[in-house]
Amino acid sequence: MKGRTVTLTAPAGTAAARRRRPSAARRAWQTVSPYAYLAPFFTLFAAFGLFPLLYTAFVSLYRVELQTPGDMEWRGLGNYAALFTDEFFWISLRNTFTIGVLSTVPQLVMALGLAHLLNYRLRGRTFFRTAMLLPYATSVAAATLVFAQLFGRDFGLVNYALGLVGIDPVDWQTNTVASQIAVSTIVIWRWTGYNALIYLAGMQSIPSELYEAAEMDGASRWRQFFHVTLPGLRPTIVFTAVVSTIGATQLFGEPLLFEGSVSGGISHQYQTLGLYMYEQGWGFFHLGRAAAIAWVMFLLILVLVGVNALIVRRRSRKEAGR
């Protein structure tokens, strides 16, 4: 009809869908925003993690002295060749391995036992859980100096206690085995409580129904521990073993402050790879060789972590095939 205006309206659902459809800029921001949120971390990692790692690999191929860092002489793999022919490198590598075993194995076993005790409903368990972190919160310098006094040869409390049971005094700073035990004791004291709390968190994540079923089957607490707790803690145990292995490979503060010697004793009896690197770089001023030691330590950590992962994978495959 003449004079009548016809207005076409879109369905309500179509209009709502258009309103909900994001614009091109919004879609682009949704794509980029996760990377923008992660950018600060990767920027800091590239500046303080990746760049020093790559620059250390670059420096390890040159002869660089601390007094003249700008004068660089190409050596190729000469620093690594000199390193592998140095007797003290192999001594420090052996010491790193022995101190790592002496500190890591008792530490994790004791942490597992303490976590198992704290997992029960004990009086004052909050206090004990808090006290577990006190050694970890203590300064490594303060702890090492105190233990150095405890392991003193003439007036140390440890030798005094040994004398009460008829054992002759031990020279904890000169004897090879004794000095490594003393350094390992410091590491055990500092890190046992930390690992115990990690194990405790893992134990509390194990379903209580498993313990109830084991108890109904007549399993004692020891059987519950070996057949329920340990299998449930396997990922946590692997994590603590890897972290402890890395820490043992990089051990530096405890052996340095135990006697105050960069060489790790008179005969290098407890010098670790960390001390050996420090001695080469800041004692003998060979920055190129120190960089080569740092990369050897890095590759050693990768090998140890890889071997640990391979063992865990094979064990998981065997259990899955049963």
Side-chain angles (χ1 to χ4, degrees), residues 97-138 140 143 147 158 161 165 181 183-251 254 301 303-322:
F97 176 77
T98 54
I99 294 176
V101 173
L102 289 174
S103 60
T104 301
V105 176
Q107 172 193 149
L108 297 183
V109 172
M110 293 172 59
L112 193 59
L114 289 173
H116 184 61
L117 291 177
L118 292 175
N119 196 30
Y120 291 106
R121 295 183 178 179
L122 302 174
R123 291 185 178 179
R125 58 179 178 176
T126 303
F127 167 77
F128 290 115
R129 292 175 182 178
T130 306
M132 286 292 175
L133 278 179
L134 291 180
Y136 172 72
T138 305
V140 60
F147 273 88
V158 176
V165 294
I181 292 175
V183 173
S184 301
T185 304
I186 306 173
V187 180
I188 293 171
W189 181 82
R190 291 194 69 237
W191 290 97
T192 299
Y194 175 83
N195 288 316
L197 291 182
I198 294 179
Y199 287 148
L200 179 60
M203 289 179 182
Q204 292 181 345
S205 65
I206 299 175
S208 59
E209 292 82 4
L210 297 178
Y211 291 100
E212 294 174 359
E215 188 175 358
M216 291 178 62
D217 291 338
S220 62
R221 287 188 174 181
W222 279 109
R223 287 187 174 275
Q224 294 178 24
F225 177 76
F226 284 107
H227 296 285
V228 178
T229 304
L230 287 183
L233 280 181
R234 185 168 299 141
T236 308
I237 294 174
V238 172
F239 169 76
T240 55
V242 170
V243 172
S244 299
T245 301
I246 295 174
T249 307
Q250 299 176 337
L251 195 61
E254 290 84 351
I301 290 174
V303 170
L304 293 176
V305 173
V307 169
N308 190 21
L310 183 62
I311 293 174
V312 172
R313 183 178 300 178
R314 287 186 176 180
R315 187 178 180 86
S316 300
R317 288 180 179 177
K318 288 182 180 179
E319 292 183 353
R322 290 178 181 176

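Residue numbers count from 1 along this sequence. Just so we're clear, the structure is a prediction, and the values are computed from it rather than from any experiment.
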To the nearest 0.5 Å, what is the distance between OG1 (T236) and CZ (R234)? 11.0 Å

CD1 (I99) and OG1 (T249) are apart, to the nearest 0.5 Å, by 11.5 Å

Which atom names give the shortest non-hydrogen contact between L108 and A241, and what distance separates them? CD1-CA, 4.0 Å

Output for pair (W189 CH2, T138 OG1), nearest 0.5 Å, gives 4.0 Å

Side-chain contact test, heavy atoms from C-beta onward, threshold under 4.5 Å: evaluate it for V305 versus I246 and give yes or no. yes

Rounded at 0.5 Å granularity, tell me how far CD1 in I186 sits from CG in L251. 9.0 Å

Can you tell me how far the CG atom of L200 sits from the CG atom of L114, to the nearest 0.5 Å? 10.5 Å

Might you point out which heavy atoms bring G232 and P235 nearest each other, and give the distance in Å? O-CD, 3.8 Å

Where is the tightest heavy-atom contact between A214 and Q224, given as atom of each residue plus distance? CB-CG, 4.0 Å

Looking only at heavy atoms, what is the nearest atom pair of A115 and A196, with distance? CB-O, 3.3 Å

Go through N308 and T245 one step at a time and tell me if the side-chain contact (heavy atoms from CB on, under 4.5 Å) criterion holds. CA-CA 10 Å; N308 190 21; T245 301; 5.8 Å; no

Heavy-atom nearest pair, H116 first then M203, reads N-CE, 3.6 Å

Gap separating the OG1 atom of T229 from the CG atom of L112, nearest 0.5 angstrom: 8.5 Å

On a heavy-atom basis, which atom in G100 and which in A248 lie closest, and how many Å separate them? CA-CB, 3.7 Å

Between M132 and L118, is there a side-chain heavy-atom distance shorter than 4.5 Å? yes

Any side chain to side chain donor-acceptor pair (under 3.5 Å) involving residues 191-210? Give me the pairs, sequence neighbours left out, ordered by first then second residue. Q107-N195, Y199-T240

